[in-house]
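Worksheet: one structure, shown below.
For ligands, and for the atoms within them, numbers begin at 1 and follow the listed sequence.
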Amino acid sequence: MIAPAACTHVPTTLAGPRAEACEVCGETRNLRVCAECGHVGCCESLGAHNTQHFRESGHEVIRSVPVDRGFTWCYACGRYL
Ligand SMILES: [Zn+2]
Ligand SMILES: [Zn+2]
Ligand SMILES: [Zn+2]
């Protein structure tokens, strides 16, 4: 058994959401927060503004909102952490 390589993209300090809605379109459902800077964007099935933020900023790691009961996703690794 070979363990998958650990993700090295997660920032040491995780940013919390800096907005209560998607900063691009104002969506309030299925939000994701950038772990690097706290940018809030909506998910793939809506405007995909989380993905847009990743492409523009290079910030690879997002968490679902609310952050205390969700998932962490790394775009660079292409998997949940
Ligand atoms: Zn990663
Ligand atoms: Zn949006
Ligand atoms: Zn960011």
query = Would you say Cys34 has an N, O or S atom lying under 2.8 Å from the Zn ion (ligand 3)?
reply = yes
message = So, taking the atom named SG in Cys7 and the one named OH in Tyr80, what distance separates them when rounded to the nearest 0.5 Å?
response = 14.0 Å
query = Of all N, O or S atoms in His49, which has the smallest distance to the Zn ion (ligand 2)?
reply = ND1
message = To make sure I understand the geometry: which N, O or S atom in His53 is closest to the Zn ion (ligand 3)?
response = NE2
remark   = For His53, the ring-ring contact (aromatic ring centres under 6.0 Å, His included) test, sequence neighbours excluded, returns His39, His59
request  = State the CZ-SG distance between Arg32 and Cys22, to the nearest 0.5 angstrom.
outcome  = 11.0 Å
request  = Output the atom name for the N/O/S atom of His59 with the smallest distance to the Zn ion (ligand 3).
outcome  = ND1
query = Got a sec: does the CD of Glu44 have more than 12 other heavy atoms crowding it under 6.0 Å?
reply = yes
query = Nearest 0.5 Å, what's the OH-NE2 distance between Tyr75 and His9?
reply = 14.0 Å
inquiry  = Counting only heavy atoms from other residues, nucleotides and ligands, does the tally under 6.0 Å from CZ of Arg29 exceed 12?
reply    = no
message = If I take atom SG from residue Cys34 and atom CZ from residue Arg63, how far apart are they, to the nearest 0.5 angstrom?
response = 10.0 Å
CZ on Phe54 to CD on Glu36, rounded to 0.5 Å = 12.5 Å
remark   = Taking 2.8 Å as the strict upper bound, the Zn ion (ligand 1) has protein N, O or S neighbours numbering 4
